[in-house]
Engineer: 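This is the structure I have questions about; it appears just below.
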Amino acid sequence: MKAVHLLAAKPWIWSWLAAAVVWTATVAVTGGAGAFGLTQAALTFAAFSVIVGTGQMFVITLGPGNIDLSVPATMTLAGTVALKLMNVDNGMIAPGLVVALAIGIAVGVGNYGLIKLLRIPPIIATLAMSFIVQSAAIWTNRGLRIKPPSLLAEFTTSSTFAIPNMAIVALLVAVIAWVLLEKSLYGRWILAIGQSMAAARMAGIPVDGTRFATYVLCAVLAALCGYLLACFSGGAALNMGAEYLLMSIAVVVIGGTSVAGGDSNVPGIWGASLFLFLVVSMLNTYGLGAGFRLIMTGLIIIGVIVVASGRRARQP
Amino acid sequence: MNIREILLASAAALCVGLPVSASADTSDKTIALSNNYAGNSWRQAMLTSWNKVTGQAVADGVVAAADAFTTAENQVTEQAAQIQNMILQGYDAIVLNAASPEGLNGAVKEACDAGIVVVSFDGIVTEPCAWRIAVDFHEMGRSQIEYLAGRLPDGGNLLEIRGLAGVFVDDEISGGIHAGVEEHPQFEIVGSVHGDWAQDVAQKAVAGILPSLPKIDAVVTQGGDGYGAAQAFAATDREMPIIIMGNRHDELTWWKEQKDANGYETMSVSIAPGVSTLAFWVAQQILDGKEVPKDLTVPFLRIDQDNLEEGLANTEPGGVANIEYSQEDALEVIQAAM
């Protein structure tokens, strides 16, 4: 009984419950067949949302107004440039990854530079940055689709012990993020900044350094995701990140992280990512019309958020 | 022959060599391209074709200028402002790929009132004073089922990949596909997903619905999504269905690989991005004083099993199978609409 109580107090439990319900409803249609295929697909595609969502979570934790809208553009630029550099050569996999991550660092530095030096609000600064980055992607790539090196394509699309490799990578990212958030000094700092920046400053926390590191971390994770997604889907496309702008924010919110900042959790990102993929699969499986599908997706998401935040009549 | 004579002779030869159609009547005219979006490979190819063909036309003195402008955010208001700027800059004709069929009508009307010829293509506008070079998307959908009826006389299960929900093009192509299925009732659409014309989105959507579906015999698509569907099928142990392609380089390359490996057969249909150059020549013809009907239709670019290699050769890596139109092609399209 106590365990149930403890679990119910966890903000992330609701996204996992929702994912489980939707999974059951989808599998029920086929009478159990396809359960394995659906689980594998869900783990694979949720992995990408987890990677970008984790970065976005750290940024949102910093408190009201902190958000990174340059995520899709960073993914696109990292994917296109890395694939162009690797040019189907297995020997270039490591340099490709390094370049992708370097692009992430550069975008992150640029983002925080705009926010801090020019005193532009994050929402505007990162949006402006995303125009620059997206244009750079168009300029370097011109719609060129180069196939990923064969080893990398093989790695991203296959499984180890029936678990998709992408899910393993995302799990690693999530574990590192969990340690950072819950066990490290850095995690304490961003939580403190999110709860009250003024108080954090008074307490001697290096506010600027922490925020800077967080924006860089978010962009690096987006770049990593772009690199992996481009390899997974057989080449980078100019519009490949578009879906992940709303996705990265939605998984954070549905996962039970407070939009007001200062209260985050990592497991919820996994639950929310699985849930968002499964909802679309479920509605597709039921064969509902597009309009109805979109309305249902919206309603279900609102429902989960309302239930998840209901417990937030929390103690002060 | 002295130098002078050689020069004269060369000049004369050049004059003879010039195409007769490059009449001087439009040589002082300026044409602008107003484009609402550049963020995918189709639009990139469209702009490249425009630059290539109009650049040559300007060099040949057919028109004085043909500048391309693209809005940053695919917004109606932004494109309306762009058109108003073009009116102020005094262009003689505006070739328009519109962000909305109705939203730009005000700006288009202003341009017409200022005596500017407006030719819309691909994304057309409904304002009556403008010309429209429209794609028969309904027929594009129907022709897929017709092809499949030839390949699979006994019919079978279809998976439909749609485009972006709520967009006119998606409704039209899907309407055509459903009309085709009504004509050929041996086919049944057992599943439908939205792939947003993007390879990765299609891959994700198909991977999500496949576990719940029976055997799929063919996949009907809208272009840009065929390779994603193939990837999703390849990840399972299902038999590869007939996937209709949409002329993208990745789709054609994959088809070619399969054709060489196991004789895989399908067809591919889409609109060549070079349709921007068709619109350019139509605008030039209107400026030249030719009577042109207000509604024209863009020809399809279809690739079949036997001309796959040729189609692939005409496709830039990462782009869409393309042809650039000439002035003669434009005259033919105009003639067909008369």
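This structure is a prediction, so every number in the text was calculated from the model and none was measured. Reminder, nothing fancy here: chain letters follow the sequence lines and each chain counts from 1.
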Engineer: Does any heavy atom of chain B fall under 4.5 Å from the side chain of A:L278, the backbone, both, or neither of them?
Structural biologist: neither

Engineer: Does any heavy atom of chain A fall under 4.5 Å from the side chain of B:A38, the backbone, both, or neither of them?
Structural biologist: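 Only the backbone of B:A38 comes within 4.5 Å of chain A.
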
Engineer: Does any heavy atom of chain A fall under 4.5 Å from the side chain of B:A207, the backbone, both, or neither of them?
Structural biologist: both

Engineer: Is it the side chain or the backbone of A:F48 that comes within 4.5 Å of chain B heavy atoms, both, or neither?
Structural biologist: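 Contact with chain B is absent: no heavy atom of A:F48 under 4.5 Å.
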
Engineer: Of all residues at least two apart in sequence or in a different chain, which pass the side chain to side chain donor-acceptor pair (under 3.5 Å) check with B:D225?
Structural biologist: none

Engineer: Among residues at least two apart in sequence or on other chains, which ones pass side chain to side chain donor-acceptor pair (under 3.5 Å) with B:N85?
Structural biologist: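 Scan of B:N85 (side chain to side chain donor-acceptor pair (under 3.5 Å), adjacent residues dropped) gives none.
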
Engineer: With a 4.5 angstrom heavy-atom cut-off, could you sort out which part of A:T285 is near chain B: side chain, backbone, both or neither?
Structural biologist: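 Contact with chain B involves both backbone and side-chain atoms of A:T285.
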
Engineer: Is there a donor-acceptor contact under 3.5 Å from the side chain of A:T126 to the main chain of A:D68?
Structural biologist: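 No.
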
Engineer: Can you check whether B:G163's main-chain N or O pairs, donor with acceptor, with B:H194's side chain at less than 3.5 Å?
Structural biologist: yes

Engineer: Go through the atoms of B:Q203 and report whether side chain, backbone, both or neither lie under 4.5 Å from a heavy atom of chain A.
Structural biologist: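 It is both, since atoms from each part get that close.
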
Engineer: Would you call B:K256 and B:E251 a salt bridge, taking side-chain N to carboxylate O under 4.0 Å as the test?
Structural biologist: no

